[in-house]
Amino acid sequence: MTGSGAVIIDGCYVACADEAGREFPAGHVVAQDGRIAAVGAGPADPGRWPGALRINGTGLLVTPGLVNTHHHLYQWITRGYATDATLFGWLTALYPVWARLTPELLSDAAAANLAWMALTGCTTTMDHHYVFPRGSGDLLAAEIEAARRIGLRFHATRGSMNLGKSDGGLPPDPLVESHDGILAACQDAVGRWHDPAPDAMTRIALAPCSPFSVTGELMRDCAALARELGVRLHTHLAETSDEESYCQERHGMTPVEYAESLGWLGPDVWLAHCVHLSDAAVGRIASTGTGVAHCPTSNGRLGSGTAPVRALLDAGAMVGLGVDGSASNESGRMIDELHQALLAARVLAQGPSVSARECLAMATLGGARCLGRAAELGSLETGKLADLAVWRVDHLAGAGIADPVVTLVFGAPELEYLFVGGRAVVDGGVLTTADPAALAVAAALASAVIAVG
Ligand SMILES: [Zn+2]
């Protein structure tokens, strides 16, 4: 299957995940020239797309491709470390390992990780890359090349750390860069790779790492540079109570107050985590149009807590879902974040909270909003890009559940097809762009190399 010819999926359950929440129990989706040519009830018009490839959609659910709003691809080769630590202890254990990262290791980590993202329903992922050991080479180029090879739509962020341990930060000094060097690298990354076109496969955003690993001056200057260059801003914020204490002690403010003081709330900003938020902070995030990348599995793995998603949605905030880096989410399955988001919200509420359809909306249109792509991604609407996830829901695990969206979020769906711009990256459950066994061998070798240096 290629992006040029039309593909018709007929007789499938279609969950558009658009503003109206349209669903068609026996509907069709047609992709042509990289875009959605038709979506609706009943079969597709048989005469309109002569020669189209037809897929029998019986037992299949079609949703928008999932959008991953927070990730660290390189961590695929450092999974299984510090499994009982909370964030600061986990980071402290991993920084010396990450200091050995090279473009070759990142290439193997990213390719394996992106393949796994594709096989778990993700058509667009961001990556927050902030580890640039001195003299390590062109790391961003390595992961962008991997994304092109695997075939996912990719929002790379040029991350950074410039607040080393000797200046009161958490990362070891050899792992931080200079303020001016970071700004020059950010400008270079945007110039080389950022594609503002609506059908872009590669975009760049600027992403200083966190309040405890970058200076306020760098946050402020990155925001100014991003706004000058017309790209988005991302960082970790309000992830743990340790971070809250750090911000109070160092700046006399909560993380959200600190971010706002640096120009870091606004419709061009999306923030990872936002676990520890006061009611006032929820209100500021919503009223400023700031996005939130909710990462329930990682937050659970590190014992950080969980974001107040119900309150954020009720306040009108834009919320997307993220797997977060694989070193704090070893399974890294994008589809699982919908289930985890649902469970975490209900545990927090000790009662009903978000619904299956709200989880699907966060993972699709919510994520597209966070990445600034809602006009062309995140829902099944004619004219939008043909980024589709097609799930089998009539298999052993799913048969008998009447509502396919319940199977998707509460159950165990299997990915049958994944289309990115109309191109089948997964076909019949099989990755078409690379050999998963070869990727696994390369990732295992890279894991062994980075473990010992
Ligand atoms: Zn992260």
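Values in this document were obtained by computation on a predicted structure and should not be read as measured data. The figures here come from the full heavy-atom set of this structure, side chains too, leaving out hydrogens, waters and symmetry mates. Counting convention: from 1, in listed order, for ligands and their atoms alike.
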Pair D324, H128 - check side-chain hydrogen bond (donor to acceptor under 3.5 Å, both in side chains), show working. CA-CA 9 Å; D324 201 359; H128 186 180; over 6 Å; no
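Under the 6.0 Å distance and 45° angle rule, R79 counts as a cation-pi partner of W76.
The aromatic ring centroids of H273 and H294 lie 6.0 Å or more from each other. Proximity of the aromatic rings of W90 and Y81 is defined here by a centroid distance below 6.0 angstrom, and this criterion is not met.
Inclusion of D324 in the first shell of the Zn ion (ligand 1) is supported: an N, O or S atom falls under 2.8 Å. When distances to the Zn ion (ligand 1) are checked against a cut-off of 2.8 Å, H72 contributes an N, O or S atom below that limit.
Between the NE2 atom of H236 and the NE2 atom of H70, the angle centred on the Zn ion (ligand 1) amounts to 90° when rounded to 10°.
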